[in-house]
Structure formats: C-alpha cells, structure tokens
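Written out below as structure tokens is the structure these notes cover.
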Amino acid sequence: MKKMPQWLKKAVFYEIYPQSFCDTDGDGIGDIEGIIEKLDYIRSLGCNALWINPWYDSPFKDAGYDVRDFKKIAPRYGTNEDARHLFEEAHRKGIHVLLDLVAGHTSEEHAWFRQSQRAVKNAYTDRYIWTDFCFENGDGIPYVAGESERSAAYLLNFYKCQPALNYGFLHPDRPWQQPMDAPGPKATVEALEDIMRFWLEMGCDGFRVDMASSLVKKDNETKSGTRAIWEQINGKLSRDYPEAAMVSEWSDPRLALKCGFHMDFYLNKMGNGYCALMRDYWNDAIQRVGGGERALVPEGAAFTGALEDALQPGSTGDHSYFRKDTDSDITRFTEDYLPQYEATKDDGLFCFLTCNHDTPRPSWNLGPDELKIAYAVLFTLPGAPYLYYGDEIGMRYRRVPTKEGGYFRTGARTPMQWSGGKNLGFSAAQEKDLYLPVDPAPDAVTVEREEDDPDSLLTFVSKLLKFRGSREELNSDAPFEVVYARPDSPVFAYRRGRLLLAVNPKTAAHTVPVPSAGKVVFQTGEADGSAQALTMGPQSFVVIQM
C-alpha cells in the first residue's frame, strides 16, 4: 500500500453534525464546547477520530455547506480559539480530527464572490465561473443571471446559494470557459491550499472533501482534470503534513484513491453493493423514477415523492441483505465491492459508514438486532469505519420539516439523545428554540438508558469496536478475502488474516461447507464450527481464530 498516515490503520471515525450534537450555552444549537464535553464518551465507544461537518461562518442556507468565511468559526458554534481548544483536547485523549472541506463552491455571501460580482475587474473576477454576457447561459451547467452588477451569468455547483469556484474547464470551447492553467483557476487552487494549511497549522488532522469530483467543469468520464488538481494538492500535503489524512466524497475508489486521497466512501449509489447491504429502498425509489445507472440522486422532482413512498413502513421494494425478513443474499454486494477493492487495495482505503448527514438513518429499515449484525460486518471489513452520531443507540430517522436545505435528509439530523428529561439531554433551551425537535416518543432511545443495558445496541457497538481495536487482523489495511458468498445461501464468510468471520442475518439457521475449527473470539447469536462445516444460527455473527 502507498504511504498513508499510520494512525489510519487503527482509525474508527465518529461523524458529528455540530448543530445537533450537544448544546452547552442553552441557545438550542450544538456547539464546539459540547463536542469537547463528549470526547470521553466518544473514546469510550472505541472511536479515536472525528469527522466534523462544516463549522465555518455561513448564512446556513445549506447547513453550513455554503461557506461565507473558511477561516472563521460560525459564531453559533463558538470561536477559533474554541476550535484550537478542541484540537488540543482531542489530541490529548488520542483522538484525531478531520474537518469538512467544501472545495467546489462558496456561499453567495462570501467576500470573494461579492468582489467577483463587481463590474470593475479585480483580483477575484475570475475566482468564479462567469459567462461573457448577462444573457449567455451556462452551456448545460446550472447558472444564475440578473443578480449582479457584472453583465454576466455565474455557474452553480449545487444549490442556487453556492456559486461554483473556478478550477477551469478540461476542454474549453467558449470564450468565457477558461483552461485549467489560466490565472483564475490557478489562483483558486492556491486559495484552497491556503485554507487547508490554515486549519492544519491550527491542529486539525485532515479533511473530508465534499463533492470532491466537482472541481473542473466539462471534465471527462475519468475526471482527469479534477484528479490532476487533487494529485497536485495531495502531493504537497503529503510532503508537508505526512500525518494529515484525506477522505473524498467520491464513491469511486479507482478514481479517488489514484489521485492521492487516503480514503474514499462507499456511498448509496443506484444498484451498488452498499445499497444492497442496507439501503435497498434507495434502489427502489430511483427505479420508480427511472434513475440512471449508478445515480446518487437522480434528476427530477419525482424522486422526492418516490423516496417518500419507499420510506413508508411496509414498503415492498426493500430487499436489503441485513433485513431478517428478506430472501436477499450477499452476492449483490460482493459482485460490486470486490472488483473495486481488488483494484485499489494498494492505493488506499474504501470505507464503510453506518450512514451520514445526507441519508436516512439505518434504524429506518433495520431493528436493533439487525443493526448489531450490520455493524458487526461493516466494522470488520477493510477500511476505516465511520459511525454517524446517534447510530450507536439506534436513533430514529424522523419525518420533520426541512431545515437549512435538508429536505428528506433533515430527519437524520435531529439532536443527539443523551438522557431522559428535558430535550433528552441535548440542550437546556426552550423547545421552540431547538435547532430541530427531539424525538417525543416515550420509548426514545438515549445513551443513558442503553449504557445501563448489557443487551443494548450501544453496549454491543462498544464491545465490537474495542474488539476491533485489539486485533491487528482487523486493521483498516489488513488482508481480506471472501471465503463463502453464494446466491443460494444468506451466509457470508470472509477471512482477515488468521480470523474467519461469518454472518447470517436471517431468521433460520444455515450450514455451509466452510472449515471453521478454531477458537471463537467474538460472537453474537449461535454458531458451531468444525473441520468440515460451519452452522450459523439465526441472526448470528462469529469471529473464529483459526
């Protein structure tokens, strides 16, 4: 494997949506001091690294992914000194911290964009992508016109509030489309590097890059233009900050890991193996609207309605492998995952996550026992695992009104549930002032309740992650091979060094011809191994040292 930060071998990440994690000043919004207050809890889980969603100054039209000032903490979270204090306290406790880097766009309120909108040419005129006339469209790329002093239209990277930064065009074919080596695109790359160095010098340990493939416009299928920029940036960072880690929101390791990223996420794209494991309702929703192959979110307003239908209790479109009541098998996963893993295992880590701020929580379609089985597999496969806040206790995906551009994603962004009583321990604020409402159900799960229950999901997650940390065979880059995966059996068996791991997520026992005589070192459910076969009881997972 290429050189990567050594701490990634043992890294287990905990993703924090700062608005919703812990409020210490009583304003109803989570803050940096709240993260610091919970570092011991995070460490007790077995997590030793954080991914913090954007905490920069922002008008929050897209939950902070519309950045107004990359070098300033949003006042609702605290100050730059609070950020420095977090880095110091996290490091003292053996926890690394990744920040979310929004590389492809800024807020329309960013000072760079305000200058770029001016009619008089200045240092920021070409920091964004503008056409050469107010009635000139974006050449197939979404654009906004009629809102600037400048007689031109500007291109967007996602929402209307997010003008695209100018990294150039791979093959420009209009006068206003600048090549990648033009002064404007080169200045944008330099500005991005400056932002990264600012936070690395303050103490952060790397970045998760939002929409990492979105830099160069009119790029080709292999994203050669965007990859060239990341090769340049990652090469410099590797030289100057060898222990800084980079993870891409790309979900194509054969592209992302080849241009210097240490990690890439396995995300829920249409028909892929990750969907097959636990989010097959996503496939169902996309199929309902005729979404394209490998679509992450297909075009068309119909998708929102189709996803709502797919998320209804009792939907018949969900054949996720980890659901106990389906006849699905593991091969939809292995057929998609294995070619990507084999092609990139020497280049970096292809990482699994329980969910993130953009997806419904796994508790939507999986119960606590199903989640135990799912996490057992996700946390023992190759790569550095990512645990989204609240997934360790099985927090519900809740239907709540959209907030800060979240729409259907908002239901996975509700406040962390720490204890009984007011606002489930998240905040002392009045209910009306909360960032989002907490779960009002009498049986709402909390950390306090699950810490006292030896059979709880939280207890299981903590035991599992501590076990992972104790075994070199489960390091993120340790060898992996499939031992048993067939379309006529729900059992999945794989090897990590001397360890044989097997899972049966279904409600009936199954025996498979897998030699498994050895010492059981971790287990949930019943399993019985021998020199000739392995019998996996209902909803079981086992690790056998051979």
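Computation of the quantities below employed the complete heavy-atom set of this structure, encompassing side-chain atoms and omitting hydrogens, waters and symmetry-equivalent molecules. Small disclaimer: the values here were computed from a predicted structure and weren't measured.
- The pair Asp139-Lys218 meets the salt-bridge criterion, with a side-chain N (NZ, NE, NH1 or NH2) lying under 4.0 Å from an Asp/Glu carboxylate O.
- In summary, Asp69 and Lys71 do not engage in a salt bridge, as defined by a charged side-chain N under 4.0 Å from a carboxylate O.
- Atoms CG and SG, on Leu267 and Cys351 in that order, are 10.5 Å from each other to the nearest 0.5 Å.
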Audit row: Asp264, Leu349, side-chain contact (heavy atoms from CB on, under 4.5 Å) steps and yes/no: CA-CA 6 Å; Asp264 187 28; Leu349 308 174; over 6 Å; no
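- One side chain, Ser462 or Lys466, offers a donor N or O that lies under 3.5 Å from an acceptor on the other.
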Check against side-chain contact (heavy atoms from CB on, under 4.5 Å), Leu39 and Leu50: CA-CA 10 Å; Leu39 288 175; Leu50 303 180; 4.0 Å; yes
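- Judged purely by atom type and a 3.5 angstrom limit, Thr188 has no side-chain atom pairing as donor or acceptor with the backbone of Tyr128.
- With Tyr159 contributing its side chain and Gly405 its backbone, the two residues share a donor-acceptor pair below 3.5 Å.
- Between the side chains of Ser148 and Gln117, at least one donor-acceptor pair of N or O atoms lies under 3.5 Å.
- Remark: aromatic rings of Phe261 and Trp230 are close, center separation under 6.0 Å.
- Of the inter-residue distances, the one linking Ser116 atom OG with Asp126 atom CG reads 7.0 Å to the nearest 0.5 angstrom.
- Of all the heavy atoms in Asn53 and Asp100, the pair that sits closest is ND2-OD2, 3.2 Å.
- Salt bridge status for Arg496 with Glu473: absent, with no side-chain N to carboxylate O gap under 4.0 Å.
- Remark: Asp40 engages Lys93 in a side-chain contact (heavy atoms from CB on, under 4.5 Å) (not counting sequence neighbours).
- Taking the six-membered ring wherever Trp is involved, the centroid distance between the rings of Trp418 and Tyr41 falls below 6.0 Å.
- Between the side chain of Asn122 and the backbone N or O of Val120, at least one donor-acceptor pair lies under 3.5 Å.
- Looking only at side-chain heavy atoms (C-beta outward), Arg208 and Met263 stay at 4.5 Å or farther from each other.
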Step-by-step ring-ring contact (aromatic ring centres under 6.0 Å, His included) determination, Tyr341 to Phe350: CA-CA 7 Å; Tyr341 169 75; Phe350 195 26; 9.0 Å; no
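- No donor-acceptor pair under 3.5 Å is formed between the side chain of Asp336 and the backbone N or O of Asn272.
- Using a cutoff of 4.0 Å between basic side-chain nitrogens and carboxylate oxygens, Arg409 and Asp62 are scored as salt-bridged.
- The two residues Ile32 and Ile73 have their closest heavy-atom pair at CD1-CG2, 3.8 Å.
- A side-chain donor from one of Lys10 and Asn475 sits under 3.5 Å from a side-chain acceptor of the other.
- Between Phe113 and Glu108, the shortest heavy-atom distance links the atoms CD2-O, 3.2 Å.
- Counting only heavy atoms from C-beta outward, the side chains of Phe13 and Leu8 approach each other to under 4.5 Å.
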Derivation and outcome, side-chain contact (heavy atoms from CB on, under 4.5 Å), residues Leu277 and Leu378: CA-CA 10 Å; Leu277 285 180; Leu378 295 183; 4.2 Å; yes
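- Closest approach of Met180 and Tyr167 over heavy atoms only: CG-O, 3.7 Å.
- Here the side chain of Tyr397 pairs no donor or acceptor atom with the backbone of Thr359 at under 3.5 angstrom.
- Between His357 and Tyr65, the ring-plane angle classifies as parallel under the 30° and 60° cut-offs.
- Side-chain contact between Glu109 and Lys61 is present, with at least one heavy-atom pair separated by less than 4.5 Å.
- Counting only N and O atoms by type, the side chains of Gln115 and Arg127 include no donor and acceptor under 3.5 Å apart.
- With values rounded to the nearest 0.5 angstrom, Tyr143 atom OH is found 9.5 Å from Leu155 atom CG.
- No donor-acceptor pair closer than 3.5 Å links the side chain of Asp66 to the backbone N or O of Gln162.
- Looking at Leu436 and Thr410, their side chains come closer than 4.5 Å, going by heavy atoms from C-beta outward.
- The existence of a salt bridge linking Glu149 and Arg118 is excluded, since no basic side-chain nitrogen approaches an acidic carboxylate oxygen closer than 4.0 Å.
- Asp240 has a carboxylate O that lies under 4.0 Å from a charged side-chain N of Arg197, or vice versa, which qualifies the two as a salt bridge.
- Checked against the 6.0 Å centroid criterion, the rings of Trp55 and Tyr77 do not qualify as a close aromatic pair.
- When side chains are defined from C-beta on, Leu458 counts as touching Val447, because their heavy atoms get closer than 4.5 Å.
- With Phe60 as the aromatic partner, Arg76 meets the cation-pi criteria of under 6.0 angstrom to the ring centre and within 45 degrees of the ring axis.
- His96 has its ring centre no less than 6.0 Å from the ring centre of Trp51.
- Residue Lys403 qualifies as enclosed at atom NZ: its count of foreign heavy atoms under 6.0 Å is above 12.
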Criterion side-chain contact (heavy atoms from CB on, under 4.5 Å) on Phe480 and Leu338, from CA distance to verdict: CA-CA 10 Å; Phe480 162 78; Leu338 286 177; 3.7 Å; yes
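- Side chains of Leu257 and Arg254 form no contact here, defined as non-hydrogen atoms less than 4.5 Å apart.
- Arg227 places no side-chain N or O within 3.5 Å of a backbone atom of Leu255 that could act as its donor or acceptor partner.
- Residues Pro5 and His262 meet the side-chain proximity criterion, which asks for heavy atoms closer than 4.5 Å.
- A donor-acceptor pair is defined here as one N or O able to donate and one able to accept, closer than 3.5 Å; such a pair exists between the side chain of Tyr388 and the backbone of Ala412.
- The backbone N or O of Phe87 sits less than 3.5 Å from a side-chain atom of His91, completing a donor-acceptor pair.
- Counting all heavy atoms, side chain and backbone alike, Pro360 lies closest to Cys355 at O-CB, 3.8 Å.
- The existence of a salt bridge linking Glu147 and Lys160 is confirmed by a sub-4.0 Å separation between a basic side-chain nitrogen and an acidic carboxylate oxygen.
- The shortest distance between side-chain heavy atoms of Tyr375 and Glu392 does not fall below 4.5 Å.
- When all heavy atoms of Tyr56 and Phe70 are compared, the closest pair comes out as CD2-O, 3.4 Å.
- Aromatic rings from Tyr389 and Tyr14 are positioned such that their centres are separated by 6.0 Å or more.
- Ion pairing of Lys258 with Asp347 is present here, as a side-chain N (NZ or NE/NH1/NH2) and a carboxylate O approach within less than 4.0 Å.
- A donor-acceptor contact shorter than 3.5 Å is absent between the side chain of Ser476 and the backbone of Gly383.
- With salt bridges taken as basic N to acidic carboxylate O contacts below 4.0 Å, none links Lys9 and Glu472.
- Here the straight-line distance linking atom CD of Glu89 with atom CD1 of Ile95 works out to 10.0 Å at 0.5 Å rounding.
- Between the side chains of Asn157 and Lys217, at least one donor N or O lies within less than 3.5 Å of an accepting N or O.
- The environment of NZ in Lys72 is sparse: at most 12 heavy-atom neighbours from other residues, nucleotides or ligands sit within 6.0 Å.
- Partner of Phe352 under the ring pair (Phe, Tyr, Trp, His ring centres under 6.0 Å) criterion, out of Phe379, Tyr337, Tyr386, Phe265: Tyr337 alone.
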